Amino acid sequence: MRALPSAPVEKVIVTYKSQATEAGSNTAAKSDTAEKAAKTGEKLSFERRLAGGGALVDLGDSATKQDVTEVMEAFRADPSVASVEPDIRAYAMAVTPNDTDYAKQWDLFEPTGGMNVPAAWDKTTGSGVTVAVIDTGYAAHTDLATNIVSGYDFISTSADARDGNGRDADAKDEGDWNATDGECGLGSKASNSSWHGTHVAGTIGAVTNNTKGIAGIAYNAKIQPVRVLGKCGGSSADIADAITWASGGTVPGVPANANPARVINLSLGGASASCPSVYQTAINGAVSRGTTVVVAAGNSNANASGFTPANCANVINVASTSREGNRSYYSNFGTIVDVAAPGGETRRATDTPGTVTTPENGIYSTLNSGSTTQSAENFKPYQGTSMAAPHIAGLAALLKSAKSTLTPAEIETAIKANARPLPGTCTGGCGTGIADTAKTVDAVTGTTNPPTGTVFTNATDVTISDNTTVSSSIAVTGRTGNAPAALKVGVDIKHTWRGDLVIDLIAPDGTVRNLKASSSSDSADDVVTTYTVDASSEVANGTWKLQVRDVASGDTGYINSWNLTF
């Protein structure tokens, strides 16, 4: 964990007694500040009135600790002053997890296609919340084990369950492989076991900071595996009972759930023009008991209204986005989609179905290496709305943990209201955009980000021609010490086919930090985003440059503006 910097105090907050003229008059507060400046010999200035009524007084960036003490004593000696306190700095307390494969989890932290998860971890990590993963069950995995609580096997047909009986208290994933084509109906293909539920569970609640594997979004939440999918899928009757049981409802012949889930993830679905009443009844019951139900929109590149339980009411319906922030080529869409989340693309739309050509762009999570029955644990990238939904389930768990009184409706509203527009494209409708974890957590907890500091901007347009390298400079002055460990680099570049661009930040000493690589498949327009870089090894004062390189022909643009926040 990085030690907090020791920042000098440059301002003080003066609160006047309610009957004092300075309490309600900025003119009087300015006059009083001038009097204190004359008394102390310091260069004081009234900066602004705060929302709480206090007056913010600037001492300048050269004030010493002794100067600050002298100024505060002068204000305290004034009988019209109720209190005076230093304007101290606050810092984000989240740190990068030490999980060995965390760097592969672009879906959590990348500014373009990621979900801004790490910035929320200093406020909530999911403690006290159980998330039910209604899926294929659980394949034992050491990067999940300590977060797993007892679940249930709801597969009522012994042959489909492959465990020699019907329903039981063991949610072990027995495998969902098919030995031959046609085994599960006309057009079905032979396939290996997917260990799908274990992959979904890892995204939500993998053990974090354990020097192995991946980080879970709500890594202090508990995961409850509920098995409904076996050989040839699962039945709506079993799935509906699982929803009821997981949320604390009563299912005939099944013992009560000792750990009712406050969030349910349903990364499953089938074709249906409407929501079956058996699903809707179960979902309504779960929501009435205070459980948020998250559902995958489906992977048919079609309107989600034709798939269920995506088309049921009282659910959060989740579409999938790619690493570039576009709707994933396979993702369902439509007006019933509520929000989008990273689901990845382990291949491009034009690649041969079944191939894995871009594993780095998939969602990396916990899995098992067995082709049919369980074998050694491992990690692999998958793609799908099945991968997008657990991102939202994890976010719902963070919200419920941060504010336990939130209802499912309030959680859904908060997630949708605080999503950001897709940086890429979405034909057909992807809800309100890509969910923003930190922004949503801040919204429900009533917190805001730490003070933004001083912003240095260059708004002079710089033309970017084909196959050229250009730069724009910002002269940073008046700062002390080194640049921040979380330096914010705001970029606004107008350019068709932004995949042509390589963007670098160049420090005053010439050190280059890459902000964006080129991508031949990123055809969206413009780069409008904020990057965060660790520039703590650089002296703050000096000339910083934004360097933009165009690596292809046919598309041009310009740097509209950019800024640095210290």
Side-chain angles (χ1 to χ4, degrees), residues 50-52 89-95 107-129 131 203-205 215-221 262-265 287 290-295 314-319 321 325 337-342 388-423 426 430-453 455 486 488 490 528-532 565:
L50 303 183
R89 306 292 295 181
Y91 301 89
M93 301 303 289
V95 295
D107 47 307
L108 302 192
F109 58 80
E110 283 193 356
T112 300
M115 222 174 78
N116 194 20
V117 174
W121 283 334
D122 61 333
K123 300 178 183 69
T124 174
T125 56
S127 298
V129 178
V131 182
T203 296
I204 300 169
I217 291 172
Y219 59 78
N220 277 328
R262 294 285 68 94
V263 180
I264 286 175
N265 188 92
V287 171
T291 299
T292 299
V293 181
V294 180
V295 177
N314 286 334
V315 302
I316 303 178
N317 185 352
V318 187
T321 51
V337 170
D338 293 305
V339 73
H391 284 79
I392 300 301
L395 172 52
L398 293 178
L399 297 174
K400 188 68 174 177
S401 176
K403 188 175 182 180
S404 61
T405 58
L406 288 174
T407 66
E410 289 170 335
I411 288 173
E412 177 178 354
T413 296
I415 292 173
K416 291 161 65 174
N418 291 286
R420 59 186 174 87
L422 269 66
C426 174
C430 289
T432 58
I434 299 176
D436 186 311
T437 305
K439 185 179 178 183
T440 310
V441 169
D442 284 347
V444 303
T445 57
T447 58
T448 57
N449 291 327
T452 56
V455 180
K488 302 296 183 182
V528 183
T529 190
T530 299
Y531 300 97
T532 302
T565 303

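Only a predicted model underlies this, so the values are computations on that prediction, with no experimental measurement involved.
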Pair Val318-Val294, side chain to side chain contact (heavy atoms under 4.5 Å, CB included): steps then yes or no: CA-CA 7 Å; Val318 187; Val294 180; 3.7 Å; yes

CG of Leu108 to CH2 of Trp121: how many Å apart, nearest 0.5 Å? 5.5 Å

Taking all non-hydrogen atoms of both residues into account, name the closest pair between Ala393 and Val263 and its distance. O-CG1, 3.7 Å

Under 3.5 Å, is there a donor-acceptor pair between the Lys488 and Thr532 side chains? yes

Measure the spacing between CG of Asn317 and SG of Cys430 and express it to the nearest 0.5 Å. 10.5 Å

Using side-chain heavy atoms (C-beta onward) and a distance below 4.5 Å, is Ile411 in contact with Thr407? no

Ile392 vs Ile415, test: side chain to side chain contact (heavy atoms under 4.5 Å, CB included). Steps then yes/no. CA-CA 8 Å; Ile392 300 301; Ile415 292 173; 4.0 Å; yes

So do Ile204 and Ile217 actually touch side chain to side chain, heavy atoms under 4.5 Å? no

CG of Asp107 to NE2 of His391, rounded to nearest 0.5 Å, is 3.5 Å

Find out whether Thr292 and Ile316 are in side-chain contact, i.e. whether some heavy atom of one side chain is under 4.5 Å from a heavy atom of the other. yes

Taken to the nearest 0.5 Å, the spacing of Glu410 CD from Lys400 NZ works out to 8.5 Å

Take Leu422 and Thr321 through the test side chain to side chain contact (heavy atoms under 4.5 Å, CB included) and record every step on the way to the result. CA-CA 8 Å; Leu422 269 66; Thr321 51; 3.9 Å; yes

Considering only heavy atoms from C-beta outward, does the side chain of Val444 approach that of Leu406 to under 4.5 Å? yes

If we ignore hydrogens and angles and just use 3.5 Å, is the side chain of Thr432 paired with the main-chain N or O of Ala417 as donor and acceptor? no

Hey, are the side chains of Pro423 and Ile434 touching, using non-hydrogen atoms and a 4.5 Å cut-off? yes

For Ala319 and Val337, work out which heavy atoms get closest and say how close. CB-CG1, 3.7 Å

In Å, rounded to the nearest 0.5 Å, how long is the span from NZ of Lys123 to OG1 of Thr437? 11.5 Å

Search all heavy atoms of Ala402 against all heavy atoms of Thr445 and return the closest pair with its distance. CB-CG2, 3.7 Å

In Å and rounded to the nearest 0.5 Å, what is the CG to CG distance from Asn116 to Asp442? 9.0 Å

With heavy-atom distances below 4.5 Å as the criterion, would you say the side chains of Val441 and Leu399 are in contact? yes

If every non-hydrogen atom of Ser401 is compared with every non-hydrogen atom of Ser127, which pair is closest and at what distance? OG-O, 2.8 Å

Heavy-atom closest pair (Val287 atom, Pro408 atom, distance to 0.1 Å) is O-CG, 3.9 Å

Taking atom types as modelled, find out whether Asn418 and Asp436 have a side-chain donor-acceptor pair closer than 3.5 angstrom. no

Looking only at heavy atoms, what is the nearest atom pair of Met115 and Leu395, with distance? CE-CB, 4.2 Å

